[in-house]
Each structure stands twice: as C-alpha cells, then as structure tokens.
**Student:** 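Supplied in structure tokens, the structure appears directly below.
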Amino acid sequence: MTNTQVTLVQIDNYGPWTVTPEPRREADLQTMQSRLYADISQFVGNHGGYTFFTRFDNMIAVTNGLSLEDHAVLQESVGNRYPVTLSLGVATGTSPIQALSDATELVQDAGSAQDKHRREILDGRAVADEHGTDDDVQIAHFDVINATGNYTDELNAFDTFIEIEQGYAELMRHMRYAHDSISFFVGGDNIIVVCPDLERPDYREAIGHVEAEAGVELQVGVGRGTYAHEAGMGAKHALETCRADGTRVELEWE
C-alpha cells in the first residue's frame, strides 16, 4: 500500500505583489518563477523527492524523505534570497489526491493565498524515515509512442504542442477521477503520474481511454520506491523496456 507524502508549495500574497506598487514586467515575473521553481526542485530532489511547477505560484512536491525541519530550511532559504515567501502544507495518504487535498486544506485554513498577513505557514506531518517502506511511492512515466515521427517531424512546433497537450489533459483528468492520481507534464512528450497502489490492468485501461478520447497513443513504465526518486528511476527503466520491446505497459517489479 502506498503512503505518499505531498507538499503544497504556495507563494504568499503573490497576485497582489505582482502589481504592487505597479504591474511588474512579465519577463521579470517569468524569470523569477522559473528560478524559484528550479531552486525548490533542486532542494527537494537532493532529498529524494520530485517537484512539479503546476501554476508556478502553486507547486506540488512529492516529499517522502523530507522532515518538517527540512521544509522549514527551504522556507528560510527562499525567504533570504527571493522577494516572496512560501507557505507549505504537508500531508500523507494512501492516494496522492487525498494527501494533496489534506495539504491544501492546511494552507487554506491559515488564510487566503492573497492574505497579506499570512506568511510562511508550515503545517502538517511528515513520514518518518524509519517508517518508510519500499512501496510508499508509485510513479508512472508515460510518453507518446513515436512522438517524433508522428508529430515533431510532421507538424510545426505549436501544433505538435497542441496534440501532446491534448493527450496530457485527457490523461490528467482520467487519472485524477478514475484512479486518485496526480499527473504532470514534464516536457517533450513525457508525463509523470503519482499513483496509489495501481496494477497493470489500471494502466492498460488509462492508455485505452486516452487513445479513444484524444487519439494519442501512450506507453508507460511504472516504478515503486521509498522516495519519489527511487520510484521514478524504476519507472524510467521500465519505460525503456517498453521502447525496446514495443510493449505498452511495464512494471519494474514484475
């Protein structure tokens, strides 16, 4: 049974800050967002976790292996180097969507995202390392079959982006509502999904659904681990087996 630790990362009072004392240059905001994401991703990654940018002012991290003290260090580091601060909600659950919902509620209960008095909230609980197991986190790594031949080398870059994004959007919705999973586009034609305890038929069903609804053919490798990094590397190796053997679903533990 999975026991996924999820952290909601929310920039404090970000919307009002972007227009105070007057609207800030979009290029400057985009640059700051990308640098902040990179720093958070590196910090969490150094502890075996994954961070996903979602809307940039809200980021979602899989943080098995990070204590609440580690989260406090992240807040301090960002507060010392950026003109914005972070609030963090941390929760665990057998399904990633439940963990995220609980983490979100912790931050929301402390005040609105645009409340100028809410600063650097840190609330929740972390999975102790000594209680971790080698199947706490399940990561599925999807990609589009022959994306280069079907899209990249045939369509212009924007139309290719549209096609890939349509497949991602359908997979994201389906995995959320059918399997309590959270999915993230990570560039190219790659989608990482943080899952509860799913098995081969679940992934076959998801691939079939996306192909039927969006016309995008997917393959997937799935891994498990104590931390997101371990599970993700298992998923990457399983996906390489798909590519080499022409299979659609590979589980690294089988």
**Student:** Yes or no on side-chain contact (heavy atoms from CB on, under 4.5 Å) for Ile139 and Val193, after CA distance, side-chain angles and deciding distance?
**Tutor:** CA-CA 6 Å; Ile139 297 288; Val193 184; over 6 Å; no
**Student:** If I take atom NE2 from residue His174 and atom CD1 from residue Ile207, how far apart are they, to the nearest 0.5 angstrom?
**Tutor:** 10.5 Å
**Student:** Rounded to the nearest 0.5 Å, how far apart are CG of Asn13 and CG of Asp57?
**Tutor:** 11.5 Å
**Student:** Less than 3.5 Å apart, any donor N or O on the side chain of Asp245 or Thr247 sitting next to an acceptor on the other?
**Tutor:** no
**Student:** Could you pull out the closest heavy-atom pair between Ala99 and Ala91, with the gap in Å?
**Tutor:** O-CB, 3.4 Å
**Student:** Any donor-acceptor pair under 3.5 Å linking the side-chain atoms of Gln42 with those of Asn46?
**Tutor:** no
**Student:** Got a salt bridge between Asp197 and Arg224, using NZ or NE/NH1/NH2 to carboxylate O under 4.0 Å?
**Tutor:** yes
**Student:** Who are the side-chain contact (heavy atoms from CB on, under 4.5 Å) partners of Asp202, not counting sequence neighbours?
**Tutor:** His179, Leu198, Glu199
**Student:** Walk me through it: do Asp135 and Met1 pass the test side-chain contact (heavy atoms from CB on, under 4.5 Å)?
**Tutor:** CA-CA 7 Å; Asp135 59 0; Met1 181 176 293; 6.0 Å; no
**Student:** Do the side chain of Asn64 and the main chain of Thr4 share a donor and acceptor less than 3.5 angstrom apart?
**Tutor:** no
**Student:** With a 3.5 Å distance limit and no angle check, can you tell me whether Asn190 reaches the backbone of His141 through a side-chain donor-acceptor pair?
**Tutor:** no
**Student:** Does any donor atom in the side chain of Asp153 or Thr148 lie under 3.5 Å from an acceptor atom in the other side chain?
**Tutor:** no
**Student:** Residues two or more places apart in sequence or in another chain: which of them pass ring-ring contact (aromatic ring centres under 6.0 Å, His included) with Phe161?
**Tutor:** none
**Student:** Does atom CD of Glu211 have more than 12 heavy-atom neighbours, drawn from other residues, nucleotides or ligands, at distances under 6.0 Å?
**Tutor:** yes
**Student:** Is there a donor-acceptor contact under 3.5 Å linking the side chains of Arg118 and Gln10?
**Tutor:** yes
**Student:** Where do Cys195 and Ser181 come nearest, in terms of heavy atoms and distance?
**Tutor:** CA-OG, 3.6 Å
**Student:** Could you tell me whether the side chains of Ser77 and Arg81 share a donor-acceptor contact shorter than 3.5 Å?
**Tutor:** yes
**Student:** Going only through I, L, V, M, F, W and Y residues with side-chain contacts under 4.5 Å, is there a path from Ile164 to Ile145?
**Tutor:** no
**Student:** Is a donor on one side and an acceptor on the other found under 3.5 Å between the side chain of Gln33 and the backbone of Arg55?
**Tutor:** no
**Student:** For His229, check ring-ring contact (aromatic ring centres under 6.0 Å, His included) against everything at least two apart and list the hits.
**Tutor:** none
**Student:** Tell me whether Gln5 contacts the main-chain N or O of Leu66 through its side chain, where contact means a donor paired with an acceptor under 3.5 Å.
**Tutor:** yes
**Student:** Quick check on Glu254: does its CD atom have over 12 non-hydrogen neighbours (other residues, nucleotides or ligands) under 6.0 Å away?
**Tutor:** yes
**Student:** Is it the case that Arg125 and Thr92 place a side-chain donor and acceptor less than 3.5 Å from each other?
**Tutor:** yes
**Student:** Could you grab the distance from atom CZ of Phe52 to atom CD1 of Ile182, nearest 0.5 Å is fine?
**Tutor:** 7.5 Å
**Student:** Among all residues two or more places apart in sequence or in another chain, which pass the salt bridge (Lys or Arg N to Asp or Glu O under 4.0 Å) test with Glu230?
**Tutor:** none
**Student:** Answer with yes or no whether the hydrophobic clustering places Val216 together with Val249; edges join I, L, V, M, F, W, Y residues whose side-chain heavy atoms lie under 4.5 Å apart.
**Tutor:** yes
**Student:** Tell me whether Asn80 contacts the main-chain N or O of Glu76 through its side chain, where contact means a donor paired with an acceptor under 3.5 Å.
**Tutor:** yes
**Student:** Minimum heavy-atom separation for Ile192 and Tyr50, please, with both atom names.
**Tutor:** CD1-CE2, 4.1 Å
**Student:** Take atom CZ of Arg200 as the centre, draw a 6.0 Å sphere, and report whether it contains more than 12 heavy atoms from other residues, nucleotides or ligands.
**Tutor:** yes
**Student:** Is there a donor-acceptor contact under 3.5 Å linking the side chains of Tyr82 and Asp39?
**Tutor:** yes
**Student:** What are the two closest heavy atoms between Gly221 and Ala235, and how far apart are they?
**Tutor:** O-CB, 3.4 Å
**Student:** Is the number of heavy atoms from other residues, nucleotides or ligands within 6.0 Å of CZ (Arg243) greater than 12?
**Tutor:** yes
**Student:** Any chance the side chains of Thr226 and Asp136 put a donor and an acceptor closer than 3.5 Å?
**Tutor:** no
**Student:** Linking I/L/V/M/F/W/Y whenever any side-chain heavy atoms sit under 4.5 Å apart, do Val9 and Phe184 land together?
**Tutor:** no
**Student:** Who pairs with Tyr203 by ring-ring contact (aromatic ring centres under 6.0 Å, His included), at least two apart in sequence or on another chain?
**Tutor:** none
**Student:** Can you find a side-chain donor-acceptor pair between Glu26 and Gln30 that sits under 3.5 Å?
**Tutor:** yes
**Student:** Could you walk me through whether Trp253 and Val222 satisfy the side-chain contact (heavy atoms from CB on, under 4.5 Å) test, starting with their C-alpha distance in whole Å, then the side-chain angles of each, then the deciding distance to 0.1 Å, before giving a yes or no?
**Tutor:** CA-CA 8 Å; Trp253 60 89; Val222 189; 3.8 Å; yes
**Student:** Under 4.5 Å between side-chain heavy atoms, counting indirect links through other Ile/Leu/Val/Met/Phe/Trp/Tyr residues: same cluster for Tyr37 and Leu74 or not?
**Tutor:** yes
**Student:** With no hydrogens and no angle check, is any side-chain donor or acceptor of Ser112 less than 3.5 Å from a backbone partner on Gln114?
**Tutor:** yes
**Student:** Please, which pairs that meet side chain to side chain donor-acceptor pair (under 3.5 Å) have at least one residue in residues 154-165, sequence neighbours excluded?
**Tutor:** Asn156-Asp159
**Student:** Provide the closest heavy-atom pair for Asp180 versus Pro196 in the form atom of the first, atom of the second, distance.
**Tutor:** O-CD, 3.9 Å
**Student:** Test your reading of the model: is there a side-chain donor-acceptor pair from Ser67 to the backbone of Asp70, 3.5 Å cut-off?
**Tutor:** yes
**Student:** Are Leu100 and Val90 connected into the same hydrophobic cluster when the rule is that any two of I, L, V, M, F, W, Y join if their side-chain heavy atoms are below 4.5 Å apart?
**Tutor:** no
**Student:** Could you state the interatomic distance from CZ (Arg173) to OG (Ser183), rounded to the nearest 0.5 Å?
**Tutor:** 11.0 Å
**Student:** Can a side-chain donor-acceptor contact be found between Thr7 and His71 if the only test is distance below 3.5 angstrom?
**Tutor:** yes
**Student:** Using side-chain contact (heavy atoms from CB on, under 4.5 Å), reason through Arg176 and Ile97 one step at a time and then give a plain yes or no.
**Tutor:** CA-CA 7 Å; Arg176 160 53 181 112; Ile97 198 65; 3.5 Å; yes
**Student:** For Val62 and Ala228, work out which heavy atoms get closest and say how close.
**Tutor:** CG1-CB, 3.9 Å
**Student:** Hey, could you give me the CG/CG distance between Asp143 and Leu239, rounded to the nearest 0.5 Å?
**Tutor:** 4.5 Å
**Student:** Do side-chain atoms of Arg24 reach the backbone of Trp17 as a donor and acceptor pair under 3.5 angstrom?
**Tutor:** yes
